[in-house]
Amino acid sequence: MSQARLVVDPAFVVGETDPRLYGSFVEHLGRCVHTGIHEPGHPTADEHGFRGDVTELVTELGVPILRYPGGNFVSGYRWEDGVGPREHRPTRLDLAWKSVESNAVGTDEFCAWARRAGAEPMLAVNLGTRGVAAAANLVEYCNHPGGTYWSDLRRSHGVAEPHAVKVWCLGNEMDGPWQLGHKTAEEYARLAARAAQAMRLVDPGIELVACGSSGAGMPTFPEWDATVLEHCYEQVDYLSLHSYSQERDGDRASFLACATGMDAYLDTAIATADYVRAKGRHKKRLGFAFDEWNVWHSPDPAGERAVFERAPRLLEERYTVVDAVVVGSMLISLLRHADRVRIACLAQLVNAIGAIRTEPAGPAWRQTIFHPFALTSRYGRGEVLRPAITAPSYETAEFGEVPLLDAVAVRDDEGVVVFAVNRDQHAALPLTIELRAFPHLTRATHTYLGGGDPLAANTEEEPHRVVPRTAESRPLDGGEPAITLPPLSWNLIRVT
Ligand code: AHR
C-alpha cells in the first residue's frame with residue numbers, strides 16, 4: 001500500500017488568513033434570492049420575508065462576507081429599481097438569465113439580511129450597461145450618513161444608519177462576450193478607473209475590486225488582467241478571479257486534480273499583477289478577490305429558454321461526494337495563496353450552484369459541498385503553513401502527473417489543523433504527519449468526508465446522507481499522528 005508523509009514546520013509560513021476568504025455569493029439568478037433566501041409566507045419566514053431555516057444554515061456555513069447582486073445579473077441592473085416602497089418597484093426583464101425580476105428584494109433588504117446572518121455585504125456596481133454616476137450614487141445611497149439627495153432617499157426608506165459597505169466590485173466578468181455591455185480591456189479599464197475615482201470621492205474608506213479575467217481558460221488571460229491593471233493599479237485594491245470546475249467526459253482523475261489548475265491560474269495572475277507593479281514602479285502589492293468559485297456541471301440554460309420566467313429552477317446542482325472533495329481541494333488551493341487572496345466567494349449560496357438547497361414552502365438542506373466549506377471556514381483561520389509533502393503520484397489527462405495527496409496546514413491558538421485530500425479513487429492512503437516543532441501537541445482528531453459511494457448526495461428525502469464523520473480523538477504519546485485517509489476523501493486533522 002502506498003504511503004504519504006507531511007512535514008509541518010512553523011518556519012514555512014504562507015501568511016495569515018483573512019476571514020473573508022470564506023465568503024459566498026447571492027445573485028438574482030434562478031431561485032437563489034426568490035424562494036432561496038427570501039420567501040414571504042414560508043413557515044420559517046421572519047418579519048422581512050427571509051427564510052429563517054436558510055438564515056440559520058448560512059450562519060452555520062460561516063460566511064463573513066456576501067457578494068451581491070451579481071454576477072451577470074448586475075450588468076443589466078438598475079439598483080434604484082430595488083429600493084423604496086415595494087408597490088412602486090418595477091418588474092423588469094433580466095436579460096442575463098432570461099428571467100422576470102420583481103425587485104422585491106434590493107440593496108436595503110439584502111444588506112440588512114446579510115448583517116443578520118453574520119456577514120458583511122460586498123456590492124457590485126453595473127459597469128456593463130451603466131456607468132460612473134450610477135455607481136457613485138449607489139455608494140452615496142449606501143454609505144453617506146445623510147443630508148444629501150441619495151443618503152436622504154435611503155433614510156426616507158426607513159434606513160437611518162448607513163449600510164457601511166466596504167468592498168465594491170467594479171462590474172462583473174467584463175471580458176466575457178456573454179456579459180451585457182461587454183468591453184475590451186482598454187474600454188473597461190478606463191471606465192473602471194473613473195468609476196473607482198468617483199466612488200472613492202464619495203467614500204474614501206471603501207475597497208475596490210477590478211474585474212480580472214473571468215477564467216483561466218479565457219483566450220485573453222492574462223493579457224486582459226495586465227491591461228486593466230496598467231490603467232487602474234493605484235485605484236483598486238483587488239483583482240477578481242473566477243473558476244468553476246467540472247468533470248469532463250467522465251475524466252474523474254483530472255476533476256479531482258483541478259486544484260492544480262487553480263494553483264496555476266493564481267500563480268499566473270499573481271505574476272501578472274507583480275509585473276504591472278514593477279513596470280509602473282508601484283509600491284503596494286495587489287490583493288486578489290477570488291469572488292466566484294465552485295463546482296458547476298449543468299449547462300448554462302439562459303440562451304436556450306424560450307420564455308422569461310419568475311424565479312426559474314436554474315443550475316440546481318445535486319452535489320455529490322466527489323464534488324465535495326473537489327470543493328475541499330479548491331479551498332486548499334485558496335489557503336495556499338492566503339498571502340495574496342484576501343477575499344473569496346463560494347458561488348453560490350442557495351439553489352443556483354448553491355451550497356444550500358430549498359424547496360418553496362418546504363425544507364432547506366445542506367448539499368455535500370456545504371460540509372468541507374463550513375469546516376474549513378471554522379478551523380482554517382490563523383497562520384497558513386506550507387507542508388512538505390511526500391506522496392505517490394498519478395497521471396491525469398489534464399494536468400499531467402499529480403500527487404495523490406493534496407494538503408495544507410493552518411496554525412491557530414489551539415494547535416495545527418491539516419486539510420488533506422486523498423485523490424486515489426480506490427485505495428486508502430496512510431498518512432504520517434511530522435510535527436517535530438510542536439512537541440506540546442498531544443492529541444489528533446480526524447474528521448473526513450468520503451470513502452463510500454462517490455456519487456452519494458443529499459436530497460430533500462435524504463438530507464443527511466452525506467455528512468462528515470469524526471474518528472475518535474487519539475493521544476499521540478510522543479509520536480506522530482498516523483492517519484488513514486479513506487479513498488476519494490476530504491479530511492480535516494486537528495492536532496491540539
Ligand atoms: O455564478 C454564476 C455566473 O457565473 C455569474 O453570474 C457569472 O459572473 C459567472 O459567469
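Order of appearance sets the numbers: ligands from 1, and atoms from 1 within every ligand. Residue indices begin at 1 and follow the sequence shown.
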Heavy-atom pairs closer than 4.0 Å: do any link ligand 1 to the side chain of [X], the backbone, both, or neither?
{"X": "Trp97", "answer": "side chain"}
{"X": "Asn172", "answer": "side chain"}
{"X": "Trp296", "answer": "side chain"}

Look at [X] together with [Y] and state whether they make a salt bridge at an N to O cut-off of under 4.0 Å.
{"X": "Arg336", "Y": "Asp406", "result": "yes"}
{"X": "Lys166", "Y": "Asp237", "result": "no"}
{"X": "Glu101", "Y": "Arg92", "result": "no"}
{"X": "Arg313", "Y": "Glu359", "result": "yes"}

Closest protein heavy atom (residue, atom, distance) for [atom]:
{"atom": "atom 6 (O) of ligand 1", "answer": "Glu27 OE1, 2.6 Å"}
{"atom": "atom 2 (C) of ligand 1", "answer": "Gln348 NE2, 3.5 Å"}
{"atom": "atom 4 (O) of ligand 1", "answer": "Glu292 OE1, 3.2 Å"}
{"atom": "atom 10 (O) of ligand 1", "answer": "Glu173 OE1, 2.7 Å"}

**Asked** So is His242 polar-close to ligand 1, meaning N/O to N/O under 3.5 Å?
**Response** no
**Fill in**
Atoms of ligand 1 under 4.0 Å from any heavy atom of Gly71, numbered from 1 in the order shown, are 5 (C), 6 (O), 8 (O)
**Message:** Give the atom numbers and elements of ligand 1 that come within less than 4.0 Å of a heavy atom of Asn72.
**Reply:** 5 (C), 6 (O), 7 (C), 8 (O), 10 (O)
**Request:** Step through it carefully: locate the ring centre of His28, locate the ring centre of Tyr68, and say whether they are under 6.0 Å apart.
**Result:** yes
**Any Tyr244 heavy atom less than 4.0 Å to ligand 1** =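 Right, Tyr244 reaches ligand 1.
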**Prompt:** Mind checking whether Ile353 has a heavy atom under 4.0 Å from ligand 1?
**Reply:** yes
**Message:** Looking at Phe50, I'd like to know if the NZ or CZ of Arg116 sits under 6.0 Å from its six-membered ring centre while staying within 45 degrees of the ring's axis.
**Reply:** yes
**Message:** Does any part of the side chain of Trp168, heavy atoms only, come nearer than 4.5 Å to the side chain of Cys142, both counted from C-beta?
**Reply:** yes
**Message:** I'd like to know if the side chain of Lys183 and the backbone of Leu127 have a donor-acceptor N/O pair within less than 3.5 Å.
**Reply:** yes
